Amino acid sequence: MAGLDFIDSLNPAQRRAVTAGLGQVLVLAGPGSGKTRVLTQRIAYLVQGLGVRPQNILAVTFTNKAAREMEARLVRLLQEDFKGIWLGTFHANCARILRRESQYTDFDNNFAIMDADDQLAVIRRAIKDLNLDEKSYRAVSVHTAISNAKNNLITAADFPTVSYRDAVIKRIYQRYQELLRASNAVDFDDLLLETVRILVDNPQVREKYARRFEHVLVDEFQDTNLVQYELLKLLGSHHGNIFVVGDEDQSIYRWRGADYRNVLRFEEDFKDSQKILLEQNYRSTQTVLDAARAVIDRNAFRTPKHLFSDRGKGERIVLYEAADDHAEAAYVVDTIRQYLESGRAGGGDFAVMYRTNAQSRLLEEAFLRAGLPYRLVGAQRFYGRREVKDMIAFLRLVHNPDDEISLLRVINVPPRGVGERTLVALQLAARQLNLTPGRLLLELGRQGDKSPYWGQFSGRSALVLADFGGMLTDWRSLHSTELSLPSLFDRIVHDTGYREFLDDGSEEGKQRWENVEELRKLAYDYAERGLAVFLENLALVSDQDTIPNDEASAPTLLTLHAAKGLEFSHVFIVGLDEGLLPHSRSKDDVEEMAEERRLFYVGLTRAKNRVTLVRCQQRSAFGAYETQEPSQFLEDLPDSLVLRQGLSSAGWSLSRQARPKTWFTGTGGRTGGSAPVIEQRYHPSDRVRHAVWGEGIVMDSRIQDDDETVDVFFESVGFKRLAASMAKLEIVAKK
DNA sequence: AAGGCCCTTCTTTTT
DNA sequence: GAAGGGCCTT
C-alpha cells in the first residue's frame, strides 16, 4: 500500500490502534502517549489504506484549537486528500446539522447561539416574568439546574419535580425555552439536545447521517456527557465504526455534565469493542511521571496504567513556599527571568497554571513590572468585555432581528433616549401586533410616521424608536447587497457614534476602543466567509482557541482546565493551598475531590522537563489576607522526588499537622460535619427494578434532605429522578 | 432618562 | 476589591 510509511514510526500499541479493524475501538491513552498522533494517523489510514472517502468521516474534538491542530497534521499526511471531512467540536458539528435540518426544528436556520451571559439574562427575565423572587431563585443556580437537565437529555416537559423548588425551576425552564424560541435562539446545550431530538424523532434524518458517517472518531472521550454519548451512538448507528480516544484520569469537566463513566458505558454497550492501552509516554521525565502517578493512584475506579518514559530521571520537582501571594508571583517571574537571562530557555518553554482565573491578576502585574512579555489564555477575558459584547449584539441583530436579547442590550447604546417606559411600550405593542420587537422596529424604521404602528407610541418614543429602526434597516439592506462584513462593522460604529461614546479621553476609554478595533481585525479575517460564519465562530470559541498558534516566545498563563492537551518544558503550578487546589467548593463531595486531584494530575503531566509547585502562607481572599494551609495533595508527593525551597522549607509538615483534620480524607465516605441520617443505598451502575418502569441503571445517587435522590435510566421510559423512600427500588445487581 | 453613589455578592473550572 | 443592582438626584 502506498503512502502509509508513517505507520512505521509508531510503537506497537499505537500501530494496533491506527490499523484496528472495523467496529468499536476504545483507546485509553495516558498523557503524552501520542493520542493526537494516533487519531490523525487513524484518519489517514482510513483514507489512504482503506479508501474511505473523507466526507464519510466524522471526527469530533473538544476544542476548535484541537480541530485545527488535527487539520494541520492531516495536511502534512494527506495534502488535499482529506477535504470534505467533518472535523470539529461537538457543538460546531451539531450547529452545522441544525442549520441544514432546521425544518425539523421550531427555529429558523439563522438562529443565534446564546453564550453564558446571554443565558443568564434570559433566565433573569424568565424569573421576572413568573413574578418569582430573584433572591431565592438565583439565575446562576437555576441555569446550572437547567443545563444539567439538558446534558442528561431532560427537556422542560420531562423535568422531574421531586420537590417544590424543582416544580418552580421546571416553570422557569419552560419559560426560558419560550423566550429563546421567540428570539430565534438556542443555547449551547440546545445545540446538542436538539440534534439528538431530530435524529431520534426523524428516522429518515437519522438514516441520512448514520449512513453518511462510515466512521466516527472522538477525541477526549472521557469528557463527553450523556447527550454527546447518545449523539455518538445515533450518528454511528448504521455502520457501527466508532473509534474513541480518552483517559479517565484527565476527566475534568464533571461540573459540565461530563461523565468519565461513559468509558465503562462504552464497553458495556459494545461488548465486542476492542480496548487498546497507550502507556508509553514521550513527553515527560520519569520524575514527573512518578510524581503524577503518586497523585493519581489515590483515586478509585480507574483503569490502572503504567506510564513509562525513556527520557531519563530528570530534575527533582521544586516546592516553593512564599510569604504571600505577591511573593508567590514575584518568585515565578523572577525564576523565569533568570532562566531567560542565562540563555538556557526561551519564553515559550514556560507555562504558569492556576486553579481560578482570579489568580492571573497578580501574575500579570509581576510580569509587567519585570518588563517581561507573557500571553494570557482566556476567551472570556476578551469576549466578555462590554464593548465587544455590544458590537457583537449589533451584528447579531443585523443577522437575526428577532434576537431580543441582543436588542435589549444595545437599543439604548450609546444612550439615545430609550428608557424603561419606551422599552415597555415597544414590547407591549409588539406583543399586541404579534411581532417580535425587532420586526416592529424595522417596520417603524422603514416607514417612519407613515407606519400604521406609529400611533402606538408617544411622539418622543416613536421618534427615537424609528431612528434606531432606520439604522437597523439600513444595515440589513446594505449588508444583503453590497457591504462586506468589515464595512458593515465600520458603518455600525459610524452610525451609532460608538467610538466617541467609548473613547472619552480616559485611559480606560482608550483601552475599550482598542478592544473594538481588535474585534474589527477579527471581522476582517471573516470578510470572505461572511457574517453568519463569523457569529457562529464567536459563539463557539473556547479559551484554548485564543492561544496563538505561533510558538511565540512568551510564557503562557492559563487555568489548569485550559492546559489540558498542551505541553511545556517547564510548568509552574501556583496556589497549592488547601481550599484553592483542591478548591473549597469541592470539599464535601467525594467525586469532586477526585476531580480536583485529576486536575492537579493534568497540570503535572503537562511538563516535559521541570515542575515547580508554589504556595504561600498568606493570600488575600477578598480584600483581607487569610492564612493558608498547604494543599493536601502535596502530602502525596514522595520526598525523594521533591526539593523544598523558600520559607520554612523544613517546617511544612508541622504546619500541616497543626490543622484539625475535619476535611475529606480520600478514602470515600464523609468525615466531619454532621453524620448523614440515612445510608446511601444505591450507587452508579447498580441495576434496579421499579414496579412500573421495570429495570434501569442507576446513573447517580446522593443523600438530600433526609432522603436519597436517585437518578435512574430506565430502558422503558428513559431518565427519571426518584426519591428512594417513595420509589421502592429493588436492587437487581450490585456493580 | 441619565448619572452617581452605596449596597451586596461574589470566585471554581467553560463548550 | 470588582461589578452589578437599587435608589437617589438632576
Side-chain angles (χ1 to χ4, degrees), chain A residues 60-67 88-95 113-117 119-121 124 128 134-135 138-141 143-144 147 150-151 186-193 220 223-225 227-228 251-258 353-362 377-381 383-386 412-423 460-461 464 504 508 536-546 558-564 575 579-587 589 592-593 595-596 598-600 602-603 619-625:
Chain A
V60 186
T61 57
F62 199 65
T63 63
N64 296 299
K65 181 181 158 59
T89 63
F90 269 109
H91 290 84
N93 281 312
C94 284
I113 301 170
M114 295 290 161
D115 68 21
D117 272 5
Q119 291 174 45
L120 287 180
R124 284 200 191 94
K128 275 209 190 87
E134 285 182 79
K135 289 263 178 340
R138 300 217 148 278
V140 181
S141 95
H143 176 248
T144 306
S147 182
K150 288 184 173 181
N151 287 330
V186 301
D187 67 16
F188 281 134
D189 305 318
D190 283 340
L191 288 173
L192 309 175
L193 188 59
E220 306 283 11
D223 280 323
T224 53
N225 59 33
V227 191
Q228 291 166 333
S251 171
I252 53 175
Y253 286 98
R254 193 182 112 88
W255 47 274
R256 213 170 64 192
M353 303 173 186
Y354 35 80
R355 179 65 179 85
T356 68
N357 280 305
Q359 291 170 263
S360 73
R361 217 189 79 240
L362 287 177
V377 178
Q380 216 29 41
R381 282 229 140 41
Y383 295 102
R385 290 200 146 91
R386 196 188 72 204
N412 199 33
V413 177
R416 56 175 68 85
V418 181
E420 186 63 28
R421 298 177 70 90
T422 308
L423 206 54
R460 204 183 123 84
S461 294
V464 288
D504 54 3
E508 194 196 339
E536 177 154 322
N537 286 345
L538 285 183
L540 299 178
V541 279
S542 72
D543 273 359
Q544 265 199 11
D545 300 336
T546 64
L558 74 181
T559 62
L560 287 162
H561 282 90
K564 191 170 71 158
L580 197 54
L581 181 64
H583 198 274
S584 53
R585 303 269 285 222
S586 305
K587 70 178 185 201
D589 186 304
E592 281 184 36
M593 282 302 285
E595 179 145 314
E596 295 289 313
R598 291 193 292 267
L599 201 48
F600 184 38
V602 166
R619 187 179 296 280
S620 71
F622 60 146
Y625 268 91

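Proteins come first, then strands; the chains are lettered A, B, ... in the order of their sequence lines, and each starts at number 1. Keep in mind that what you see is a predicted model, and the values were worked out from it rather than measured.
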Backbone N/O of A:V140 and side chain of A:T144: donor-acceptor pair under 3.5 Å: yes
Under 4.5 Å between any side-chain heavy atoms of A:E596 and A:L581, yes or no? yes
Measure the distance from CD on A:E220 to P on B:dT15 and round it to the nearest whole Å. 13 Å
A:D589 atom CG is separated from B:dT13 atom P, nearest whole Å, by 18 Å
A:S620 side-chain N/O to C:dG1 phosphate OP1/OP2 under 4.0 Å: no
Which comes earlier along DNA chain B counting from the 5' end, the contact point of A:N64 or that of A:R416, where each point is its nearest nucleotide? A:R416
When you measure from the side chain of A:R421, which nucleotide among B:dA1, B:dT13, B:dT11 comes out closest? B:dA1
State, yes or no, whether a side-chain contact exists between A:K587 and A:P582 at a heavy-atom distance under 4.5 Å. no
Tell me: CG of A:D223 to P of B:dT15, nearest whole Å? 12 Å
P atoms of C:dG4 and B:dT13, separation to the nearest Å: 16 Å
Write down the distance between CG (A:L120) and P (C:dG5), rounded to a whole number of angstrom. 11 Å
Of A:G417 and A:Q228, whose nearest nucleotide on DNA chain B comes first from the 5' end? A:G417
What contact category does A:F90 fall into here, base, sugar-phosphate, or nothing, at under 4.0 angstrom with non-hydrogen atoms? nothing
Checking contacts here: which listed nucleotide (B:dT13, B:dT14, C:dG1) is nearest the side-chain heavy atoms of A:R361? C:dG1
Please tell me which of the listed nucleotides, B:dA1, B:dA2, B:dT14, lies nearest to the side chain of A:N412? B:dA2
Near-parallel close stack of A:W255 and B:dT13 base (under 5.5 Å, under 30°): yes
Could you give the CG-to-P distance, from A:N93 to B:dT15, as a whole number of Å? 16 Å
Inspect the contact between A:R585 and A:E592 and indicate whether a charged nitrogen and a carboxylate oxygen are less than 4.0 angstrom apart. no
Looking at every heavy atom in both A:A539 and A:I113, which two are closest together, and how far apart are they? CB-CB, 3.7 Å
For this output row, return yes or no: ring centroids of A:Y253 and A:F62 closer than 6.0 angstrom. yes
Taking atom P of B:dT13 as reference, at what distance in whole Å does atom CZ of A:R585 sit? 10 Å
Check this one for me: any side-chain N or O of A:N357 less than 4.0 Å away from OP1 or OP2 of B:dT13? yes
Could you walk me through whether A:R256 and A:D189 satisfy the salt bridge (Lys or Arg N to Asp or Glu O under 4.0 Å) test, starting with their C-alpha distance in whole Å, then the side-chain angles of each, then the deciding distance to 0.1 Å, before giving a yes or no? CA-CA 10 Å; A:R256 213 170 64 192; A:D189 305 318; over 6 Å; no
Between C1' of B:dT14 and NE2 of A:H91, the distance in whole Å: 10 Å
Would you list the protein and nucleotides 3-9 of chain B atom pairs, both N or O, that sit under 3.5 Å from each other?
none

State whether A:D187 and A:K150 are salt-bridged, where the test is any N-O pair (Lys NZ or Arg NE/NH1/NH2 against Asp/Glu carboxylate O) under 4.0 Å. yes
Residue-phosphate contact under 4.0 Å: A:T422 side-chain N/O, B:dA1 OP1/OP2: yes
